[in-house]
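Let me begin by presenting the structure, written as structure tokens, before commenting on it.
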Amino acid sequence: MAALVRRFCRRSYFPVSGHGYRMLSTIENVSESGKSMNLYSAINQALHIALETDPRSYVFGEDVGFGGVFRCTTGLAERFGKSRVFNTPLCEQGIVGFGIGLAAMGNRVIAEIQFADYIFPAFDQIVNEAAKFRYRSGNQFNCGGLTIRAPYGAVGHGGHYHSQSPEAFFCHVPGIKVVIPRSPREAKGLLLSSIRDPNPVVFFEPKWLYRQAVEDVPEDDYMIPLSEAEVMREGSDITLVGWGAQLTIMEQACLDAENEGISCELIDLKTLIPWDKEIVETSVRKTGRLLISHEAPVTGGFGAEIAATIVERCFLRLEAPVSRVCGLDTPFPLVFEPFYMPTKNKILDAIKLTVNY
């Protein structure tokens, strides 16, 4: 598929030396003045900037031409034209395969998968083509300009085909990066970093927060470094690690735990592959305890990788077994979603059990 697409994409190649965009500051150095916006608006602003700053960039996917089902691509086709922002057939394998070919010709590609649940038809293209493109050519060719956007996770009424969290499947694959933001400000900076990173990136967006999460977002062009976790909240009794929408729930649990005299340190991983082992290790060496929480099923979830790594690195410092509060090992339910989800109360109970071990 990728080879076939390359033949049709030669007219789209802009032979620009370098990256074709100016060097940007990290979020710490941009202006603090910003505009209040929700997460999908921050994504939309990042896409506008990406298309504006690089004439080789393209956005495509199912329904993106009129703004997409979550409105993240609103106004892009009108501003940048239908040759750079366009709809595709309902064929996820074709979307990613086309993206690989387009990126291999030196372009910046932002391909949208309408729901992360439907990324699986493209699994072969991502795992066996995009992830291995550079390696199999001995670094002569690459498709590092490819970014795949996909809304993931619970939404309150999505059921088993519109609620899944498939991030762990892709964390097993050398050659790609996996990024998940927690808020509008983070989403904009991380998406721009993903688009401009020299490696293929799978960028999962927490659709529950598209409209619920609102904060001031700098209107500047800025990037947040990948593979650098952030300590959102400092504490001394236990370390909590999460990503994406789950961090909102974990933060609430930390506040309730504080009322009971437990000091929690909360870390946002941001990038799952490659993940920031050092910041988690440093925290666990201080607190002696670790709790990981994610929406995906507990068995084989990325929390297991974090737990194994920290046990290897911090075994003699641990005061209790590593705790995981995750989704259940069942298909994602509809009416029973509240029982499936790793809720605030489940996390709070696990915090107390771990601290009192």
- Query: Passes ring-ring contact (aromatic ring centres under 6.0 Å, His included), His160 versus Phe332? Steps please.
  - Reply: CA-CA 4 Å; His160 51 292; Phe332 199 103; 9.2 Å; no
Closer than 3.5 angstrom, by distance alone: can the side chain of [X] be matched with the main-chain N or O of [Y] as a donor-acceptor pair?
X: Lys346; Y: Phe339; value: yes
X: Ser137; Y: Phe141; value: yes
X: Asp117; Y: Gln164; value: yes
X: Asn142; Y: Arg134; value: no
X: Ser163; Y: Ala154; value: no
X: Asn107; Y: Leu102; value: yes
X: Lys270; Y: Trp275; value: no
X: Asn44; Y: Cys72; value: yes
X: Asp54; Y: Arg56; value: yes
X: Ser227; Y: Pro274; value: yes

Do [X] and [Y] sit in one hydrophobic cluster, given that two such residues count as connected whenever their side-chain heavy atoms are within less than 4.5 Å of each other, even indirectly?
X: Trp208; Y: Met250; answer: no
X: Ile224; Y: Met232; answer: no
X: Met341; Y: Leu291; answer: no
X: Leu247; Y: Val284; answer: no
X: Leu348; Y: Val298; answer: no

- side-chain hydrogen bond (donor to acceptor under 3.5 Å, both in side chains) partners of residues 316-341, not counting sequence neighbours, each pair once: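 Non-adjacent pairs meeting side-chain hydrogen bond (donor to acceptor under 3.5 Å, both in side chains): Thr299-Asp329.
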What's the separation between atom [atom1] in [X] and atom [atom2] in [Y], rounded to the nearest 0.5 Å?
X: Leu51; Y: Tyr58; atom1: CG; atom2: OH; answer: 10.0 Å
X: Asp63; Y: Phe70; atom1: CG; atom2: CZ; answer: 11.5 Å
X: Lys286; Y: Asp237; atom1: NZ; atom2: CG; answer: 10.0 Å
X: Thr282; Y: Lys277; atom1: OG1; atom2: NZ; answer: 13.5 Å
X: Leu272; Y: Ile306; atom1: CG; atom2: CD1; answer: 6.5 Å
X: Ile292; Y: Ile310; atom1: CD1; atom2: CD1; answer: 8.0 Å

- Message: Show, in sequence, the C-alpha distance, side-chain angles and deciding distance for Phe60 and Phe98, and conclude whether the ring-ring contact (aromatic ring centres under 6.0 Å, His included) test is met.
- Response: CA-CA 10 Å; Phe60 54 83; Phe98 178 82; 5.0 Å; yes
Close side-chain approach of [X] and [Y], heavy atoms under 4.5 Å:
X: Val202; Y: Lys177; value: no
X: Ile267; Y: Ser283; value: yes
X: Glu62; Y: Asn87; value: no
X: Arg136; Y: Glu129; value: yes
X: Val355; Y: Arg289; value: yes
X: Phe204; Y: Pro151; value: no
X: His48; Y: Leu76; value: yes
X: Val178; Y: Val201; value: no

- Item | side chain to side chain contact (heavy atoms under 4.5 Å, CB included) evaluation trace for Gln125 with Asn128 | CA-CA 6 Å; Gln125 289 292 317; Asn128 281 330; over 6 Å; no
- Quick one: are the ring centres of Phe120 and Phe169 less than 6.0 Å apart?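 Distance test on ring centres: under 6.0 Å, yes.
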Which atoms form the tightest heavy-atom contact between [X] and [Y], and what is the distance?
X: Leu39; Y: Ala187; answer: CG-CB, 4.1 Å
X: Ala245; Y: Leu209; answer: CA-CD1, 3.8 Å
X: Ala130; Y: Pro200; answer: O-CG, 3.7 Å
X: Val173; Y: Ala131; answer: CG1-CB, 3.5 Å

- Query: Using the ring of each side chain (for Trp, its six-membered ring), is Phe170 parallel, tilted or perpendicular to Phe123, with breaks at 30° and 60°?
  - Reply: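 If you compare the ring of Phe170 with that of Phe123, the planes turn out tilted.
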- Query: Hey, what's the ring geometry for His294 with Trp243, parallel, tilted or perpendicular (30° and 60° as the breaks)?
  - Reply: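 Ring orientation, 0 to 90° scale: parallel.
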- Item | Evaluation steps, side chain to side chain contact (heavy atoms under 4.5 Å, CB included), between Glu112 and Val59 | CA-CA 8 Å; Glu112 178 181 303; Val59 173; 5.9 Å; no
Would you say the side chains of [X] and [Y] form a donor-acceptor pair under 3.5 Å?
X: Thr287; Y: Glu265; value: no
X: Ser41; Y: Arg71; value: no
X: Asp197; Y: Ser194; value: no
X: Gln93; Y: Asp124; value: no

- Could you give me the CA-CA distance, side-chain angles and deciding distance for Asp268 and Val231, then say whether side chain to side chain contact (heavy atoms under 4.5 Å, CB included) is met? CA-CA 6 Å; Asp268 177 8; Val231 177; over 6 Å; no
- Message: With salt bridge (charged side-chain N to carboxylate O under 4.0 Å, His left out) as the rule and sequence neighbours excluded, what pairs involving residues 77-102 come up?
- Response: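 Checked against salt bridge (charged side-chain N to carboxylate O under 4.0 Å, His left out) - neighbours excluded - the pairs reaching residues 77-102 are Glu52-Arg79.
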- Task: Evaluate whether atom CD of Glu278 has more than 12 neighbouring non-hydrogen atoms of other residues, nucleotides or ligands under 6.0 angstrom away.
- Result: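 For Glu278, atom CD is crowded (more than 12 foreign heavy atoms under 6.0 Å).
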- Neighbour count above 12 (heavy atom, 6.0 Å) for Phe66 CZ: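 Above 12, so yes.
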- Stepwise, does the salt bridge (Lys or Arg N to Asp or Glu O under 4.0 Å) test hold for Lys188 with Asp221? CA-CA 9 Å; Lys188 179 182 173 181; Asp221 184 344; over 6 Å; no
- With a distance cut-off below 6.0 Å to the six-membered ring centre and an angular limit of 45° from the axis, does Arg211 pair with Tyr40 as a cation-pi contact?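 Yes, Arg211 sits over the ring of Tyr40.
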- Item | Contacts of type side-chain contact (heavy atoms from CB on, under 4.5 Å), residue Gln252, not counting sequence neighbours |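 For Gln252 the side-chain contact (heavy atoms from CB on, under 4.5 Å) partners, ignoring immediate neighbours, are Thr248, Ile249, Lys344.
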- Identify which one of Glu205, Glu215, Glu251, Glu230 satisfies the salt bridge (charged side-chain N to carboxylate O under 4.0 Å, His left out) criterion when paired with Arg182.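 When salt bridge (charged side-chain N to carboxylate O under 4.0 Å, His left out) is applied between Arg182 and each of Glu205, Glu215, Glu251, Glu230, only Glu230 qualifies.
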- Criterion side chain to side chain contact (heavy atoms under 4.5 Å, CB included) on Tyr222 and Leu192, from CA distance to verdict: CA-CA 7 Å; Tyr222 67 90; Leu192 285 169; 5.7 Å; no
